[in-house]
A.B. asks: 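My questions will all concern the structure given below.
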Amino acid sequence: MRIGFGYDVHKLVAGRKLILGGVEIPNEKGLLGHSDADVVLHALCDALLGAAALGDIGKHFPDTDPQYKDISSLTLLEKAGDLLLHHHFNIVNVDVTIVLQQPKIAPYVETMRANIAHVLRIVVNSISIKATTNEGMGSIGTGEGAAAYAIASIQSK
């Protein structure tokens with residue numbers, strides 16, 4: 001059994017869509033990044049790649065490469081999952097915590113779980129997604145950004 005940890009953070013800005021866990025969430029601001037800036041899936045990619053000792057999201061999908069400009073992070077997650085399969089690993093479970101002052105994401109969690117299960121080809125019961133605020137403290141607490149933490153366990157086939 002192997003365990004990996006991932007973290008990602010992006011700034012919230014006007015004129016961008018807010019996409020978390022592959023779900024577009026209505027909001028005045030979205031996350032700024034080279035891709036769709038989905039902190040949930042970026043943190044999860046890093047957790048999975050880290051568990052397999054395959055580097056990180058920047059190694060495999062660099063933000064200097066134009067092919068990843070505005071790409072869906074669901075595509076990046078699928079490619080990360082394929083890398084694990086190629087290296088003979090199965091995903092046991094994943095757990096993600098989203099840190100975002102607002103909007104509330106509870107209505108979208110089940111769709112996020114379904115998206116992740118679909119692209120990773122695992123059962124939805126192996127995926128946990130939770131959310132919290134920063135209680136008004138720091139840049140996330142003042143609504144300037146969002147972050148996500150992820151942990152993943154994998155095993156050799």
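Note: hydrogens, waters and symmetry copies are ignored here, and every other heavy atom, side chains too, is used.
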A.B. asks: Between the side chain of Q102 and the main-chain N/O of G143, is any donor-acceptor distance below 3.5 Å?
C.D. replies: no
A.B. asks: Are I91 and S126 side-chain neighbours, meaning at least one heavy-atom pair lies under 4.5 Å?
C.D. replies: no
A.B. asks: With a 4.5 Å cut-off on side-chain heavy-atom distances among I, L, V, M, F, W and Y, is there a chain of contacts connecting V23 to L18?
C.D. replies: yes
A.B. asks: Side chains of L49 and D56, heavy atoms from C-beta outward: is any pair under 4.5 Å?
C.D. replies: no
A.B. asks: If I take atom CD1 from residue I151 and atom CG from residue L44, how far apart are they, to the nearest 0.5 angstrom?
C.D. replies: 11.5 Å
A.B. asks: If two hydrophobic side chains count as joined below 4.5 Å and joins carry through other members, does Y149 share a cluster with L120?
C.D. replies: no
A.B. asks: Are any of the side-chain heavy atoms of V96 and M112 separated by less than 4.5 Å?
C.D. replies: no
A.B. asks: Main chain of I154, side chain of R2: is a donor-acceptor contact present, judged purely on distance under 3.5 Å?
C.D. replies: no
A.B. asks: About how many Å separate OG of S73 and CG of L31, when rounded to the nearest 0.5 Å?
C.D. replies: 10.0 Å
A.B. asks: So, does D46 use its side chain to make a donor-acceptor pair with the main chain of I57 at under 3.5 Å?
C.D. replies: yes
A.B. asks: Evaluate the side-chain proximity of L77 to L48: yes if any heavy-atom separation is below 4.5 Å, no if none is.
C.D. replies: yes
A.B. asks: Assign the ring pair Y68 / F61 to parallel, tilted or perpendicular, where the plane angle (0 to 90°) is split at 30° and 60°.
C.D. replies: perpendicular
A.B. asks: Between the side chain of H34 and the main-chain N/O of D65, is any donor-acceptor distance below 3.5 Å?
C.D. replies: yes
A.B. asks: Within the side chain of H87, is there an N or O that forms a donor-acceptor pair under 3.5 Å with the backbone of L83?
C.D. replies: yes
A.B. asks: With a 4.5 Å cut-off on side-chain heavy atoms, are I116 and I129 touching?
C.D. replies: yes
A.B. asks: Examine I122 and V109 and state if one hydrophobic cluster contains both, with Ile, Leu, Val, Met, Phe, Trp and Tyr joined whenever side-chain heavy atoms are less than 4.5 Å apart.
C.D. replies: yes
A.B. asks: Quick one: CG on N27 to CG on L20, what's the gap to the nearest 0.5 Å?
C.D. replies: 9.0 Å
A.B. asks: Check K17 with D38, please: is the shortest side-chain N to carboxylate O separation under 4.0 Å?
C.D. replies: no
A.B. asks: Do E28 and L12 have side chains that approach each other closer than 4.5 Å (heavy atoms only, starting at C-beta)?
C.D. replies: no
A.B. asks: Indicate yes or no: at least one non-hydrogen side-chain atom of H42 is less than 4.5 angstrom from one of S35.
C.D. replies: yes
A.B. asks: Do T133 and K104 come close enough that some side-chain heavy atom pair is under 4.5 Å?
C.D. replies: yes
A.B. asks: Return yes if some donor-acceptor pair links the side-chain N/O of H60 with the main-chain N/O of L54 below 3.5 Å, else return no.
C.D. replies: yes
